[in-house]
Amino acid sequence: MTQLEELLTAWIPRQRWFAGKGVPIDALTVESQHVLIPGVPGLRVLVVAVGQKGGTDRYQVLLGLRPQGTLGDELAHATIGVCEPAPAGGPVGGPAYGPSSCAVYDAAHDHEMTARLLDRIAEGRGSGAVRFRRMPGSSIRTGMRSIVLTGEQSNTSLVYGEDYVLKMFRRLWPGHNPDLELTAALAGSPFIARPYGWIEADLPDPVTGEPVATTLAMLQQYLRSATDGWVLAATSVRDLYASPGLAPDEAGGDFTGEAERLGAATAAVHRDLARALPTDVVAPDTQAEMARAMVDRLGAAIAEVSDLAPYAQRLRTAFDAFAEVDAPLPVQRVHGDYHLGQVVRTDVGWVLLDFEGEPAAPVSERQRLSSPLRDVAGMLRSFDYAARHQLTGHDQDEGLAEPARAWALRNREAFCSGYAFGGGIDPEKHQVVLRAFEYDKAVYEVMYEARHRPSWLHIPLDSIAALAN
Ligand SMILES: Nc1ncnc2c1ncn2[C@@H]1O[C@H](COP(=O)(O)OP(=O)(O)O)[C@@H](O)[C@H]1O
Ligand SMILES: O=P(O)(O)O[C@H]1O[C@H](CO)[C@@H](O[C@H]2O[C@H](CO)[C@@H](O)[C@H](O)[C@H]2O)[C@H](O)[C@H]1O
């Protein structure tokens, strides 16, 4: 292992975006390292392969290098470590740093370097191993400073002034990221943030070894006046909890109007996706295959979280019922990881973000056509989360359980009626399919919370206990 690889082995597990938390790293290799901008050897993009439990995941690291002692206070928090002089061809050797020790750091925090990335996308420079692309017909302001967005993210987003957000995809799969694919297909829609460009590099196809153009980052309009759907919903729930004895429609901050408009916006995006990208109607054996995948995911989740085991039979029954639904199931490209944190409310309405799908699934899986009810189920789960998460540690949680249930139910109904009114199929008329997708999402959440936020694990577990009753 090189010195840089040793430093990364200690640093990567501490990053919010690292998907393999809690599992020991068996091996870590810097698979490729490219200077991003000719003449700027201190900014590199690394593809790092991390081996855990017999599998290997690839991550993107934006690495900065400076002679040791020159990093400055502003970037001290981004330090990864110090590399001693490398022999020619060594891990971080290069014309500027070969002979002396150098500090290596997370360059996402270096606004001088990230400004150059924006400039390159604006220029649309595109040849060689790493290519910068500008969306046809768009022009981009340059010379802007960026800051790193803080929050519970699977990726890293850099916000430039009040104009753009550059999302660096951390976990890499060969191929274009569905977020770019779907956002580009929806360009012009009032329900998405306008795409401006992207950065791509070639990654070897795991089977053939052939180079595959892979999205490293996507540049999008930054919606500066937007408020996160989760924050809005959580505020409404808080208002309700602060008004003991009142029903959700009597307490201040009722969310149902927003939930209904969100349902309509979701239906419009589904309609546009179905127009722009392939659609199909699944055959019964494919439906059975989808149900089997749900059962398999349940098995994997139980192996990680044994508290799920008591509900296994009831969940399987719901998945079996889904397999047996005797009605055509239309499928299309969908959001794939739809929840209140993926939508923002602007002055003019709801905007949907992050069409990446479930971040831990291979791209080929995320590109698979699915029922739009899968997204509906995702949002319904999110209403349930919003209602439940503030019960934790609340001194009156017994008394609040009923208002929480009523809040989730009201917003569920409002979202579904907005969805149907906005032109989508009526979710309430497809209960078996909807329920299977809700259970499947809750099972996914059990695994997600166990890995990322163990103190939230009780939320999907409590929902499953209630749903499965
Ligand atoms: N274009 C945007 N405009 C305003 N806020 C955004 C934009 N894109 C993302 N955000 C904010 O950043 C958060 C995380 O973005 P997201 O794309 O979901 O990242 P991740 O895939 O890493 O979770 C969102 O919940 C939203 O609050
Ligand atoms: O936003 P991401 O693409 O990173 O999605 C992952 O993280 C989400 C949490 O940040 C997670 O969502 C779960 O928690 C939400 C509240 O924080 C809740 O609204 C969602 O319903 C719930 O699924 C998401 O599942 C995960 O893929």
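Hydrogens, waters and symmetry mates play no part in the numbers below; they use all other heavy atoms, side chains included. Order of listing sets the numbers, starting from 1, for every ligand and every atom in it.
Taking every heavy atom of L149 and a limit of under 4.0 angstrom, the matching atoms of ligand 1 come to 11 (C), 12 (O). Ligand 1 places these atoms under 4.0 Å from at least one heavy atom of D228: 25 (O), 27 (O). Remark: ligand 2 atoms within the under-4.0 Å shell around heavy atoms of D354 are 3 (O). Within ligand 1, counting atoms from 1 as listed, the ones closer than 4.0 Å to a heavy atom of E356 are 21 (O). Annotation for ligand 1: atoms under 4.0 Å from non-hydrogen atoms of S154 are 20 (P), 22 (O), 23 (O). Those atoms of ligand 2 with a heavy atom of Y444 less than 4.0 angstrom away are 25 (O), 26 (C), 27 (O). Taking a cut-off of under 4.0 Å to the non-hydrogen atoms of W230, the atoms of ligand 2 that pass are 16 (C), 19 (O). Those atoms of ligand 1 that come under 4.0 Å of a heavy atom in V165, given as number and element, are 1 (N), 2 (C).
At least one heavy atom of G341 sits less than 4.0 Å from an atom of ligand 1. At a 4.0 Å cut-off, at least one heavy atom of Q342 sits close enough to ligand 2 to count as contact. Proximity of A226 to ligand 1 is not established, as no heavy-atom distance is less than 4.0 Å.
Between D202 and R131 there is a salt bridge, since at least one side-chain N of the basic residue sits less than 4.0 Å from a carboxylate O of the acidic one. In this structure, R435 does not pair ionically with E438, as no charged nitrogen and carboxylate oxygen lie closer than 4.0 Å. Taking 4.0 Å as the cut-off between side-chain N and carboxylate O, R381 and D384 count as a salt-bridged pair. Contact check on R451 versus E304 returns a salt bridge, with a Lys/Arg side-chain nitrogen under 4.0 Å from an Asp/Glu carboxylate oxygen.
Checking only distances, H339 does come within under 3.5 Å of ligand 2, N or O to N or O. For ligand 2, one of its N or O atoms has an N or O atom of R453 under 3.5 Å away. For ligand 1, the polar-atom distance check against K167 finds a nitrogen or oxygen pair separated by under 3.5 Å. Here's the thing with Q342: one of its N/O atoms is less than 3.5 angstrom from an N/O atom of ligand 1. Considering backbone and side-chain N/O of R16, none are found under 3.5 Å from N/O of ligand 2. The N/O atoms of S154, backbone and side chain alike, include one that comes under 3.5 Å of an N/O atom in ligand 2.
Note on ring orientation: taking the six-membered ring where Trp is involved, the planes of Y59 and F18 are tilted (angle from 30° to 60°). Ring planes of Y338 and H335: tilted class, angle from 30 to 60°. Relative orientation of the W456 and W230 rings is tilted, given thresholds of 30° and 60° on the angle between their planes.
In this comparison of Q220, R194, Q221, the heavy atom closest to atom 2 (C) of ligand 1 sits on Q221. Comparing F383, F355, Y448 by heavy-atom distance to atom 26 (C) of ligand 2, the nearest is Y448. Comparing heavy-atom distances from atom 7 (C) of ligand 1 across L219, L353, D354 singles out L353 as nearest.
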Going through the distances and angles, do N411 and E258 end up as a side chain to side chain donor-acceptor pair (under 3.5 Å)? CA-CA 9 Å; N411 287 292; E258 291 298 355; over 6 Å; no
Check the pair E449 / S455 against side chain to side chain contact (heavy atoms under 4.5 Å, CB included), numbers first and verdict last. CA-CA 8 Å; E449 300 299 359; S455 62; over 6 Å; no
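Counting only N and O atoms by type, the side chains of H176 and E200 include a donor and acceptor under 3.5 Å apart.
With sequence neighbours excluded, the residues that form a salt bridge (Lys or Arg N to Asp or Glu O under 4.0 Å) with R141 are D163.
Using a distance-only test at 3.5 Å, with no hydrogens or angles considered, a donor-acceptor pair links the side chain of T215 to the main chain of N177.
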